[in-house]
**Student:** 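Below are the C-alpha coordinates for one structure; questions will follow.
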Protein chains: 2
Amino acid sequence: MPEQAAGRFVRMFLSKSFGYALRSILYLVLAHDENKRIQLSEIAGKLNIPRHFLGKVMKRLAKEGVLLSQKGPMGGFIINGQTLQTPLIKIAMITGESAHFDSCVLRLKKCNSQQPCPLHQQALQIRDKWLDLLSSVTVSDLYKKDQADFIKSIANI
Amino acid sequence: MPEQAAGRFVRMFLSKSFGYALRSILYLVLAHDENKRIQLSEIAGKLNIPRHFLGKVMKRLAKEGVLLSQKGPMGGFIINGQTLQTPLIKIAMITGESAHFDSCVLRLKKCNSQQPCPLHQQALQIRDKWLDLLSSVTVSDLYKKDQADFIKSIANI
DNA sequence: AATATAAAAGATGCGAACGTCTTTTATGGA
DNA sequence: TCCATAAAAGACGTTCGCATCTTTTATATT
(Lines give C-alpha, C1' and ligand atoms only; values in the text may rest on other atoms or scores of the structure.)
Protein backbone atom coordinates (compact mmCIF):
# COMPACT_ATOMS: atom_id res chain seq x y z
CA MET A 1 0.00 0.00 0.00
CA PRO A 2 1.79 3.17 -1.15
CA GLU A 3 1.77 5.72 1.63
CA GLN A 4 0.57 8.60 -0.48
CA ALA A 5 -2.36 6.68 -1.93
CA ALA A 6 -3.43 5.18 1.37
CA GLY A 7 -3.46 8.57 3.03
CA ARG A 8 -6.24 9.69 0.76
CA PHE A 9 -8.65 7.22 2.25
CA VAL A 10 -8.02 7.78 5.92
CA ARG A 11 -8.75 11.16 7.35
CA MET A 12 -6.34 12.27 9.99
CA PHE A 13 -5.85 15.94 9.65
CA LEU A 14 -6.74 19.37 10.86
CA SER A 15 -9.00 21.90 9.19
CA LYS A 16 -7.81 24.41 6.66
CA SER A 17 -8.59 27.10 9.21
CA PHE A 18 -6.11 25.45 11.55
CA GLY A 19 -3.37 25.63 8.94
CA TYR A 20 -4.15 29.26 8.22
CA ALA A 21 -4.10 30.07 11.93
CA LEU A 22 -0.84 28.27 12.63
CA ARG A 23 0.99 29.76 9.68
CA SER A 24 -0.27 33.23 10.53
CA ILE A 25 0.82 32.91 14.14
CA LEU A 26 4.26 31.73 13.08
CA TYR A 27 4.46 34.62 10.64
CA LEU A 28 3.66 37.04 13.46
CA VAL A 29 6.26 35.38 15.65
CA LEU A 30 8.97 35.62 13.00
CA ALA A 31 8.08 39.14 11.92
CA HIS A 32 7.63 40.36 15.49
CA ASP A 33 8.85 43.87 16.11
CA GLU A 34 8.01 45.53 19.42
CA ASN A 35 5.00 47.79 19.07
CA LYS A 36 4.64 47.25 15.35
CA ARG A 37 1.37 45.59 14.46
CA ILE A 38 1.07 43.53 11.31
CA GLN A 39 -1.97 43.87 9.18
CA LEU A 40 -4.28 41.23 7.85
CA SER A 41 -3.55 42.18 4.26
CA GLU A 42 0.16 41.60 4.73
CA ILE A 43 -0.32 38.20 6.34
CA ALA A 44 -2.89 37.08 3.83
CA GLY A 45 -0.75 38.34 0.96
CA LYS A 46 2.51 36.78 2.10
CA LEU A 47 0.97 33.46 3.04
CA ASN A 48 -1.45 33.39 0.13
CA ILE A 49 -4.49 32.93 2.32
CA PRO A 50 -7.95 34.27 1.41
CA ARG A 51 -7.99 37.61 3.17
CA HIS A 52 -11.53 37.80 4.44
CA PHE A 53 -11.57 34.22 5.50
CA LEU A 54 -8.37 34.75 7.45
CA GLY A 55 -9.95 37.76 9.10
CA LYS A 56 -12.46 35.52 10.81
CA VAL A 57 -9.82 33.08 11.92
CA MET A 58 -7.65 35.88 13.35
CA LYS A 59 -10.61 37.42 15.09
CA ARG A 60 -11.24 34.18 16.94
CA LEU A 61 -7.59 33.81 17.86
CA ALA A 62 -7.58 37.34 19.26
CA LYS A 63 -10.82 36.76 21.13
CA GLU A 64 -9.32 33.67 22.74
CA GLY A 65 -6.20 35.57 23.79
CA VAL A 66 -3.75 33.75 21.55
CA LEU A 67 -2.76 37.10 20.06
CA LEU A 68 -3.73 40.76 20.13
CA SER A 69 -5.65 42.79 17.59
CA GLN A 70 -6.17 46.49 17.21
CA LYS A 71 -8.50 48.36 14.91
CA GLY A 72 -7.87 51.60 13.12
CA PRO A 73 -4.84 53.26 11.55
CA MET A 74 -1.59 51.59 12.60
CA GLY A 75 -3.72 48.73 13.79
CA GLY A 76 -3.22 45.07 13.08
CA PHE A 77 -2.22 41.89 14.85
CA ILE A 78 0.65 41.20 17.20
CA ILE A 79 1.70 38.33 19.44
CA ASN A 80 1.26 38.59 23.20
CA GLY A 81 2.70 36.85 26.22
CA GLN A 82 0.61 33.76 25.62
CA THR A 83 1.31 33.24 21.96
CA LEU A 84 4.51 31.20 22.13
CA GLN A 85 3.20 29.00 24.92
CA THR A 86 0.03 28.08 23.05
CA PRO A 87 -0.28 24.33 22.50
CA LEU A 88 -1.40 23.31 19.03
CA ILE A 89 -4.48 21.62 20.44
CA LYS A 90 -5.73 25.02 21.55
CA ILE A 91 -5.44 26.36 18.02
CA ALA A 92 -7.23 23.26 16.81
CA MET A 93 -10.04 23.85 19.26
CA ILE A 94 -10.38 27.51 18.33
CA THR A 95 -10.41 26.84 14.60
CA GLY A 96 -12.16 23.49 14.63
CA GLU A 97 -15.78 23.78 13.84
CA SER A 98 -16.49 20.20 12.91
CA ALA A 99 -18.81 18.92 15.60
CA HIS A 100 -19.49 15.52 14.13
CA PHE A 101 -16.86 13.23 15.56
CA ASP A 102 -18.04 9.70 16.02
CA SER A 103 -16.39 7.93 18.88
CA CYS A 104 -16.31 4.68 16.93
CA VAL A 105 -13.86 5.01 14.08
CA LEU A 106 -15.62 2.20 12.24
CA ARG A 107 -18.95 4.03 12.58
CA LEU A 108 -20.59 1.13 14.33
CA LYS A 109 -23.51 2.66 16.12
CA LYS A 110 -23.51 0.53 19.23
CA CYS A 111 -19.80 0.80 19.87
CA ASN A 112 -18.69 2.43 23.11
CA SER A 113 -16.39 1.70 26.03
CA GLN A 114 -18.98 -0.59 27.62
CA GLN A 115 -19.52 -2.51 24.41
CA PRO A 116 -16.47 -1.83 22.29
CA CYS A 117 -15.99 -2.93 18.72
CA PRO A 118 -12.91 -5.05 18.02
CA LEU A 119 -10.94 -2.01 16.95
CA HIS A 120 -12.14 0.33 19.67
CA GLN A 121 -9.18 0.14 22.05
CA GLN A 122 -6.50 0.22 19.38
CA ALA A 123 -8.16 3.08 17.57
CA LEU A 124 -8.55 5.07 20.78
CA GLN A 125 -4.89 4.54 21.58
CA ILE A 126 -3.88 5.92 18.22
CA ARG A 127 -6.21 8.87 18.52
CA ASP A 128 -4.89 9.63 21.99
CA LYS A 129 -1.32 9.59 20.67
CA TRP A 130 -2.41 12.14 18.13
CA LEU A 131 -4.11 14.29 20.74
CA ASP A 132 -1.13 13.98 23.09
CA LEU A 133 1.18 15.15 20.35
CA LEU A 134 -0.93 18.22 19.64
CA SER A 135 -1.28 18.91 23.35
CA SER A 136 2.42 18.69 24.11
CA VAL A 137 3.73 20.75 21.20
CA THR A 138 3.52 24.54 21.51
CA VAL A 139 4.04 27.30 18.99
CA SER A 140 7.50 27.95 20.42
CA ASP A 141 8.42 24.29 19.92
CA LEU A 142 7.73 24.66 16.24
CA TYR A 143 9.55 27.97 16.15
CA LYS A 144 12.65 26.54 17.78
CA LYS A 145 13.09 23.13 16.27
CA ASP A 146 14.22 23.86 12.77
CA GLN A 147 13.88 27.50 12.18
CA ALA A 148 15.65 27.78 8.84
CA ASP A 149 13.34 25.35 7.11
CA PHE A 150 10.48 26.85 8.90
CA ILE A 151 10.85 30.35 7.64
CA LYS A 152 10.81 28.92 4.16
CA SER A 153 7.68 26.95 4.91
CA ILE A 154 5.99 30.08 6.01
CA ALA A 155 7.27 32.64 3.55
CA ASN A 156 6.79 30.48 0.52
CA ILE A 157 3.48 29.84 -1.06
CA MET B 1 -8.46 17.96 28.05
CA PRO B 2 -11.59 15.77 28.19
CA GLU B 3 -11.36 13.06 25.58
CA GLN B 4 -14.81 13.57 24.14
CA ALA B 5 -14.38 17.30 23.67
CA ALA B 6 -10.92 17.00 22.19
CA GLY B 7 -12.12 14.48 19.66
CA ARG B 8 -14.30 17.07 18.06
CA PHE B 9 -11.35 19.09 16.95
CA VAL B 10 -9.17 16.38 15.48
CA ARG B 11 -10.41 14.40 12.57
CA MET B 12 -9.38 10.79 12.55
CA PHE B 13 -12.15 8.76 11.12
CA LEU B 14 -13.56 7.02 8.12
CA SER B 15 -16.35 8.20 5.86
CA LYS B 16 -20.00 7.41 6.44
CA SER B 17 -19.88 5.34 3.28
CA PHE B 18 -17.21 3.20 4.93
CA GLY B 19 -19.45 2.56 7.92
CA TYR B 20 -22.36 1.68 5.68
CA ALA B 21 -20.17 -0.67 3.64
CA LEU B 22 -18.68 -2.40 6.65
CA ARG B 23 -21.97 -2.90 8.42
CA SER B 24 -23.61 -4.17 5.23
CA ILE B 25 -20.80 -6.64 4.60
CA LEU B 26 -21.06 -7.91 8.16
CA TYR B 27 -24.78 -8.21 7.76
CA LEU B 28 -24.30 -10.31 4.63
CA VAL B 29 -21.75 -12.46 6.45
CA LEU B 30 -24.05 -13.08 9.40
CA ALA B 31 -27.15 -13.65 7.29
CA HIS B 32 -25.34 -15.77 4.76
CA ASP B 33 -27.31 -18.69 3.40
CA GLU B 34 -25.94 -20.64 0.47
CA ASN B 35 -27.49 -19.47 -2.78
CA LYS B 36 -29.84 -17.00 -1.12
CA ARG B 37 -29.15 -13.44 -2.15
CA ILE B 38 -30.04 -10.60 0.13
CA GLN B 39 -31.62 -7.53 -1.27
CA LEU B 40 -30.69 -3.94 -0.87
CA SER B 41 -34.02 -3.05 0.70
CA GLU B 42 -33.54 -5.62 3.46
CA ILE B 43 -30.03 -4.44 4.28
CA ALA B 44 -30.96 -0.78 4.17
CA GLY B 45 -34.06 -1.41 6.26
CA LYS B 46 -32.39 -3.51 8.94
CA LEU B 47 -29.35 -1.28 9.25
CA ASN B 48 -31.27 1.95 8.84
CA ILE B 49 -29.14 3.16 5.97
CA PRO B 50 -30.50 5.41 3.19
CA ARG B 51 -31.41 2.88 0.55
CA HIS B 52 -30.37 4.62 -2.63
CA PHE B 53 -27.15 5.83 -1.15
CA LEU B 54 -26.33 2.31 -0.01
CA GLY B 55 -27.01 1.10 -3.53
CA LYS B 56 -24.07 3.06 -4.82
CA VAL B 57 -21.81 1.84 -2.06
CA MET B 58 -22.79 -1.78 -2.70
CA LYS B 59 -22.34 -1.38 -6.42
CA ARG B 60 -18.77 -0.28 -5.89
CA LEU B 61 -18.09 -3.14 -3.49
CA ALA B 62 -19.44 -5.60 -6.06
CA LYS B 63 -17.45 -4.01 -8.85
CA GLU B 64 -14.27 -4.37 -6.79
CA GLY B 65 -15.01 -8.02 -6.08
CA VAL B 66 -15.59 -7.71 -2.35
CA LEU B 67 -19.01 -9.27 -2.86
CA LEU B 68 -21.37 -10.42 -5.59
CA SER B 69 -24.46 -8.75 -6.96
CA GLN B 70 -27.18 -9.99 -9.21
CA LYS B 71 -29.96 -8.09 -10.90
CA GLY B 72 -33.51 -9.21 -11.45
CA PRO B 73 -35.97 -11.36 -9.53
CA MET B 74 -34.31 -13.33 -6.74
CA GLY B 75 -31.35 -11.06 -7.21
CA GLY B 76 -29.47 -9.25 -4.51
CA PHE B 77 -26.10 -9.30 -2.83
CA ILE B 78 -24.12 -12.19 -1.43
CA ILE B 79 -20.62 -12.68 -0.09
CA ASN B 80 -18.00 -14.43 -2.16
CA GLY B 81 -14.70 -16.14 -1.51
CA GLN B 82 -12.93 -12.83 -1.03
CA THR B 83 -15.32 -11.18 1.37
CA LEU B 84 -14.04 -12.53 4.68
CA GLN B 85 -10.43 -11.97 3.74
CA THR B 86 -10.96 -8.33 2.79
CA PRO B 87 -8.81 -5.97 4.89
CA LEU B 88 -10.60 -2.89 6.17
CA ILE B 89 -8.21 -0.64 4.28
CA LYS B 90 -9.60 -2.02 1.04
CA ILE B 91 -13.11 -1.05 2.06
CA ALA B 92 -11.77 2.35 3.02
CA MET B 93 -10.20 2.75 -0.39
CA ILE B 94 -13.33 1.67 -2.22
CA THR B 95 -15.61 3.93 -0.24
CA GLY B 96 -13.21 6.83 0.30
CA GLU B 97 -13.91 9.65 -2.05
CA SER B 98 -12.09 12.38 -0.26
CA ALA B 99 -9.16 13.18 -2.48
CA HIS B 100 -7.83 16.09 -0.48
CA PHE B 101 -5.39 14.62 1.97
CA ASP B 102 -2.44 16.84 2.70
CA SER B 103 0.70 15.01 3.57
CA CYS B 104 1.49 17.64 6.19
CA VAL B 105 -0.95 17.32 9.05
CA LEU B 106 -0.24 20.91 10.02
CA ARG B 107 -1.05 22.06 6.48
CA LEU B 108 2.32 23.67 6.02
CA LYS B 109 2.75 23.93 2.30
CA LYS B 110 6.45 23.30 2.04
CA CYS B 111 6.49 20.33 4.35
CA ASN B 112 7.61 17.00 2.90
CA SER B 113 10.05 14.21 3.69
CA GLN B 114 12.96 16.23 2.28
CA GLN B 115 12.03 19.29 4.28
CA PRO B 116 9.85 18.03 7.12
CA CYS B 117 8.02 20.21 9.60
CA PRO B 118 8.77 19.55 13.28
CA LEU B 119 5.75 17.30 13.59
CA HIS B 120 6.19 15.48 10.31
CA GLN B 121 7.86 12.31 11.55
CA GLN B 122 5.71 11.90 14.63
CA ALA B 123 2.54 12.55 12.71
CA LEU B 124 3.53 10.10 9.99
CA GLN B 125 4.23 7.45 12.60
CA ILE B 126 0.79 7.87 14.07
CA ARG B 127 -0.88 7.84 10.69
CA ASP B 128 1.05 4.73 9.73
CA LYS B 129 -0.10 3.00 12.90
CA TRP B 130 -3.61 3.80 11.87
CA LEU B 131 -3.06 2.54 8.34
CA ASP B 132 -1.32 -0.59 9.62
CA LEU B 133 -4.27 -1.35 11.86
CA LEU B 134 -6.73 -1.02 9.00
CA SER B 135 -4.46 -3.07 6.75
CA SER B 136 -4.03 -5.91 9.20
CA VAL B 137 -7.64 -6.32 10.26
CA THR B 138 -9.94 -8.21 7.91
CA VAL B 139 -13.69 -8.65 7.88
CA SER B 140 -13.33 -12.11 9.37
CA ASP B 141 -11.28 -10.69 12.24
CA LEU B 142 -14.19 -8.46 13.16
CA TYR B 143 -16.61 -11.31 12.70
CA LYS B 144 -14.68 -13.61 14.98
CA LYS B 145 -13.49 -11.42 17.79
CA ASP B 146 -16.61 -10.73 19.74
CA GLN B 147 -19.49 -12.01 17.76
CA ALA B 148 -22.25 -11.63 20.33
CA ASP B 149 -21.71 -7.92 20.79
CA PHE B 150 -21.19 -7.62 17.13
CA ILE B 151 -24.51 -8.94 16.04
CA LYS B 152 -26.08 -6.38 18.30
CA SER B 153 -23.99 -3.64 16.80
CA ILE B 154 -25.19 -4.59 13.41
CA ALA B 155 -28.81 -5.41 14.03
CA ASN B 156 -29.49 -2.42 16.18
CA ILE B 157 -29.93 1.04 14.86
C1' DA C 1 -41.85 -13.24 -25.75
C1' DA C 2 -43.96 -10.68 -21.95
C1' DT C 3 -43.78 -9.33 -17.25
C1' DA C 4 -42.23 -8.42 -12.80
C1' DT C 5 -38.29 -7.73 -10.02
C1' DA C 6 -34.08 -5.75 -8.34
C1' DA C 7 -29.62 -3.61 -9.18
C1' DA C 8 -27.34 0.15 -11.99
C1' DA C 9 -27.22 4.69 -13.26
C1' DG C 10 -28.11 9.44 -13.34
C1' DA C 11 -30.43 13.86 -12.03
C1' DT C 12 -31.36 16.69 -8.27
C1' DG C 13 -31.31 18.53 -3.44
C1' DC C 14 -29.17 19.55 1.26
C1' DG C 15 -25.83 21.02 4.83
C1' DA C 16 -21.31 22.28 6.44
C1' DA C 17 -16.64 23.79 5.55
C1' DC C 18 -14.56 26.99 2.80
C1' DG C 19 -14.36 31.38 0.38
C1' DT C 20 -15.85 36.33 -1.29
C1' DC C 21 -17.90 40.70 -0.88
C1' DT C 22 -20.00 44.61 1.53
C1' DT C 23 -21.18 47.22 5.62
C1' DT C 24 -20.20 48.56 10.34
C1' DT C 25 -17.26 49.83 14.20
C1' DA C 26 -13.19 51.47 16.42
C1' DT C 27 -9.15 54.46 16.48
C1' DG C 28 -5.01 57.26 15.29
C1' DG C 29 -3.93 61.51 13.07
C1' DA C 30 -4.88 65.98 10.47
C1' DT D 1 -14.22 67.28 14.70
C1' DC D 2 -13.55 65.05 10.60
C1' DC D 3 -11.27 61.65 7.94
C1' DA D 4 -8.69 57.73 6.69
C1' DT D 5 -7.54 53.21 8.13
C1' DA D 6 -8.05 48.54 9.57
C1' DA D 7 -10.48 45.01 12.16
C1' DA D 8 -15.26 43.18 13.15
C1' DA D 9 -19.36 41.57 11.45
C1' DG D 10 -22.58 39.75 8.44
C1' DA D 11 -24.63 38.56 3.88
C1' DC D 12 -23.91 35.75 0.12
C1' DG D 13 -21.61 32.15 -3.07
C1' DT D 14 -19.05 27.66 -3.92
C1' DT D 15 -17.74 22.90 -3.23
C1' DC D 16 -18.20 18.34 -1.59
C1' DG D 17 -19.87 14.54 1.18
C1' DC D 18 -24.21 12.86 2.00
C1' DA D 19 -28.94 11.84 0.72
C1' DT D 20 -33.24 11.36 -2.30
C1' DC D 21 -35.80 10.43 -6.35
C1' DT D 22 -36.47 8.76 -11.03
C1' DT D 23 -35.12 6.19 -15.10
C1' DT D 24 -32.64 2.42 -17.24
C1' DT D 25 -30.80 -2.25 -17.59
C1' DA D 26 -30.52 -7.06 -16.60
C1' DT D 27 -32.73 -11.44 -15.47
C1' DA D 28 -35.78 -15.06 -13.37
C1' DT D 29 -40.30 -16.60 -13.98
C1' DT D 30 -44.53 -17.23 -16.54
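Remember, predicted model here, so these are calculated numbers, not experimental data.
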**Student:** Have B:Asp132 and B:Ser135 got a donor and an acceptor in their side chains that come within less than 3.5 Å?
**Tutor:**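 Per modelled atom types, B:Asp132 and B:Ser135 side chains form no pair under 3.5 Å.
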**Student:** Does a side-chain N or O from A:Ser17 land closer than 4.0 Å to OP1 or OP2 of C:dC18, or not?
**Tutor:**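 Yes, A:Ser17 has a side-chain N/O under 4.0 Å of OP1/OP2 on C:dC18.
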**Student:** For the residue pair B:Ala21 and B:Ile91, what are the closest heavy atoms and their distance?
**Tutor:**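 Here B:Ala21 and B:Ile91 meet closest at CB-CG2, 3.8 Å.
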**Student:** Which pairs, protein N/O on one side and nucleotides 11-15 of chain D N/O on the other, fall under 3.5 Å?
**Tutor:**
residue : atom : partner : partner atom : Å
D:dA11  : N6   : A:Lys56 : NZ           : 2.9

**Student:** May I have the distance from A:Lys71 (atom NZ) to D:dA7 (atom C1'), rounded to whole angstrom?
**Tutor:**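 Taking NZ of A:Lys71 and C1' of D:dA7, I get 6 Å after rounding.
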**Student:** Counting N and O atoms only, with roles assigned by atom type, does the side chain of B:Arg23 sit under 3.5 Å from a partner on the main chain of B:Leu47, one being a donor and the other an acceptor?
**Tutor:**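 Yes; judged by distance alone, with no hydrogens or angles, the pair exists.
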**Student:** Find which nucleotide of DNA chain C each of A:Gly72 and A:Pro50 is nearest to by heavy atoms, and output the residue with the more 5' nucleotide.
**Tutor:**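 The 5'-side residue here is A:Pro50.
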**Student:** Is the shortest side-chain N/O distance from A:Ser69 to OP1 or OP2 of D:dA6 below 4.0 Å?
**Tutor:**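 So the side-chain polar atoms of A:Ser69 never come under 4.0 Å of the phosphate oxygens OP1 or OP2 of D:dA6.
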**Student:** Could you check how far CZ of B:Arg51 sits from P of C:dT5, rounded to whole Å?
**Tutor:**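 Distance, rounded to whole Å: 13 Å.
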**Student:** Tell me whether the side-chain N/O atoms of B:Tyr20 come closer than 4.0 Å to OP1 or OP2 in D:dA19.
**Tutor:**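 True: B:Tyr20 side-chain N/O within range (under 4.0 Å) of D:dA19 OP1/OP2.
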**Student:** Can you measure A:Lys59 atom NZ to C:dT24 atom C1' for me and round it to whole angstrom units?
**Tutor:**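 Rounding to the nearest Å, NZ of A:Lys59 and C1' of C:dT24 are 13 Å apart.
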**Student:** From the list C:dA7, D:dA9, C:dT25, which nucleotide is the closest neighbour of the side chain of A:Lys63?
**Tutor:**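 When the side chain of A:Lys63 is considered, D:dA9 is the closest of C:dA7, D:dA9, C:dT25.
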**Student:** Measuring from A:Leu22:CG to B:Leu119:CG, what's the distance to the nearest 0.5 Å?
**Tutor:**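 It is 8.5 Å, given to the nearest 0.5 Å.
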**Student:** Which residues pass the side-chain contact (heavy atoms from CB on, under 4.5 Å) test with A:Ser41, not counting sequence neighbours?
**Tutor:**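 Checked A:Ser41 against side-chain contact (heavy atoms from CB on, under 4.5 Å); matches are A:Gln39, A:Arg51.
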**Student:** When the distance from CZ of B:Phe53 to P of D:dG17 is rounded to whole Å, what number comes out?
**Tutor:**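 Distance, rounded to whole Å: 10 Å.
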**Student:** Does the B:Ser69 side chain pair with the main chain of B:Ala62, one donor and one acceptor, at a distance under 3.5 Å?
**Tutor:**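 It does not hold such a pair.
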**Student:** Less than 4.0 angstrom between a side-chain N/O of B:Gln70 and OP1 or OP2 of C:dT5, yes or no?
**Tutor:**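 False: B:Gln70 side-chain N/O out of range (4.0 Å or more) of C:dT5 OP1/OP2.
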